[in-house]
Amino acid sequence: MDMKKDMRSIRNKNLLALINEKYNGSQQLFSERTGISLSQIGQWLANPDNPNSRNMTERSARKIEAACGVGFGSLDLDEKEEIVFADNDEFDFVKFVCIKVTAGISGFAVNYLDENEYEPIYFKKSWFQRRNYNPDALYAISVNGKSMEPTLTDGSIVIVNTQDTSKKNEGLYVFNYHGEPVIKRLIKDFGGWYLSSDNPDKASYPRVLCDESTFIVGRVVHAQSEYF
């Protein structure tokens with residue numbers, strides 16, 4: 001048994017538990033506090049009981065300890081180099097934006113958000129290539145409200161492909177609905193198309209007709225939950 005690696009595994013698992021305890025499950029808040037990317041945090045927390053998912057460097061562990069007000073101390077292990085995404089030929093990124101739409105107009109505009117607060121989401125270039133995605137046509141946006149719970153909670157992050165506006169039954173899309181950007185599921189029923197919420201409270205979140213004043217901004221192709 002490698003005692004030091006076993007100790008690090010236990011230490012890292014405890015650190016991940018502290019993120020939930022100290023930040024009420026908010027990956028976004030923790031990311032803002034530490035400067036650790038949401039994608040990296042998401043990878044750690046995707047399966048916290050798997051030792052491979054807890055393979056964080058000592059540098060990252062120190063950031064978590066500082067943010068959570070604890071100190072487990074260095075385990076003096078062999079360091080693995082942290083991946084530097086910027087200017088890395090193996091990676092490309094999707095920027096965070098605020099989508100702006102106007103009633104009656106099919107186009108849209110984007111306001112790019114401050115990268116110090118909303119760090120771009122990085123993927124390996126092969127991720128884009130396998131799916132035939134153009135990184136410049138993909139945007140990351142935050143989910144507002146409870147209409148898409150439990151699929152997407154308030155504060156979740158989705159990536160929308162603005163080059164995919166073809167209607168697919170059960171597809172998840174960002175719409176310009178009468179001048180308001182909304183995330184809904186597209187449902188075909190009785191020959192018509194409807195915007196539907198995933199929230200089971202249909203009295204509060206009824207489905208609406210996808211009419212001539214409703215335009216597809218793009219299809220949602222990736223999602224990251226802010227809560228775990």
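With rounding to the nearest 0.5 Å, the separation of OH in Tyr112 from CZ in Phe96 is 14.0 Å. Here the straight-line distance linking atom OG1 of Thr102 with atom CZ of Phe108 works out to 12.0 Å at 0.5 Å rounding. Here the straight-line distance linking atom CG of Leu138 with atom NZ of Lys95 works out to 14.0 Å at 0.5 Å rounding. Distance check, rounded to the nearest 0.5 Å: CG of Asn169 to NZ of Lys188 gives 8.0 Å. Considering NE2 of His178 and OG of Ser213, their distance stands at 4.5 Å, rounded to 0.5 Å. To the nearest 0.5 Å, the span separating CG on Asp189 from OH on Tyr194 amounts to 6.0 Å.
In plain terms, the two heavy atoms of Phe215 and Gly104 that are nearest each other are CE1-C, 3.8 Å. Of all non-hydrogen atoms in Phe123 and Phe128, the two that sit nearest each other are CB-CE1, 3.6 Å. Closest non-hydrogen pair, Pro150 versus Asp198, comes out as CD-O, 4.1 Å. Nearest heavy atom pair, residue Val101 against residue Gly107, reads CG1-O, 4.4 Å. Nearest heavy atom pair, residue Glu149 against residue Pro200, reads O-CD, 4.0 Å.
A donor-acceptor pair under 3.5 Å links the side-chain atoms of Asp154 to the main chain of Gly145, judged by distance alone. A side-chain donor-acceptor contact under 3.5 Å links Ser156 to the backbone of Thr153. A donor-acceptor pair under 3.5 Å links the side-chain atoms of Asp211 to the main chain of Thr214, judged by distance alone. For Thr162 (side chain) and Gly218 (main-chain N/O), no donor-acceptor pair under 3.5 Å exists by modelled atom type.
Contact check for Ser196 versus Lys202: side-chain heavy atoms found under the 4.5 Å cut-off. Side chains of Tyr177 and Leu195 form a contact here, defined as non-hydrogen atoms less than 4.5 Å apart. Side-chain contact between Asn111 and Val97 is absent, with no heavy-atom pair separated by less than 4.5 Å. Counting heavy atoms from C-beta outward, Arg219 and Val160 have side chains that stay 4.5 Å or more apart. A 4.5 Å side-chain heavy-atom check between Leu152 and Ile183 finds at least one atom pair inside the cut-off.
Under a cutoff of 6.0 Å and an axis angle of 45°, Lys184 and Phe175 do not form a cation-pi pair.
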- prompt: Stepwise, does the side chain to side chain contact (heavy atoms under 4.5 Å, CB included) test hold for Leu186 with Lys168?
  reply: CA-CA 7 Å; Leu186 190 60; Lys168 299 180 180 67; over 6 Å; no

Residues Lys146, Asn199; criterion side chain to side chain contact (heavy atoms under 4.5 Å, CB included); working and verdict: CA-CA 7 Å; Lys146 300 180 178 181; Asn199 194 307; 4.2 Å; yes

message: Walk me through whether Val221 and Arg131 qualify under side chain to side chain contact (heavy atoms under 4.5 Å, CB included).
response: CA-CA 10 Å; Val221 296; Arg131 295 162 176 81; over 6 Å; no

- request: Let me see the working for Arg207 and Ser197 under side chain to side chain contact (heavy atoms under 4.5 Å, CB included), right down to the final yes or no.
  value: CA-CA 6 Å; Arg207 74 178 188 176; Ser197 300; over 6 Å; no

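Under the 3.5 Å distance criterion, with hydrogens and angles disregarded, no donor-acceptor pair is assigned to the side chains of Asn161 and His222. For the residue pair Asp164/Ser166, the side-chain donor-acceptor check at 3.5 Å is satisfied.
Ring centroids of Phe91 and Tyr122 are separated by 6.0 Å or more, keeping the two rings apart.
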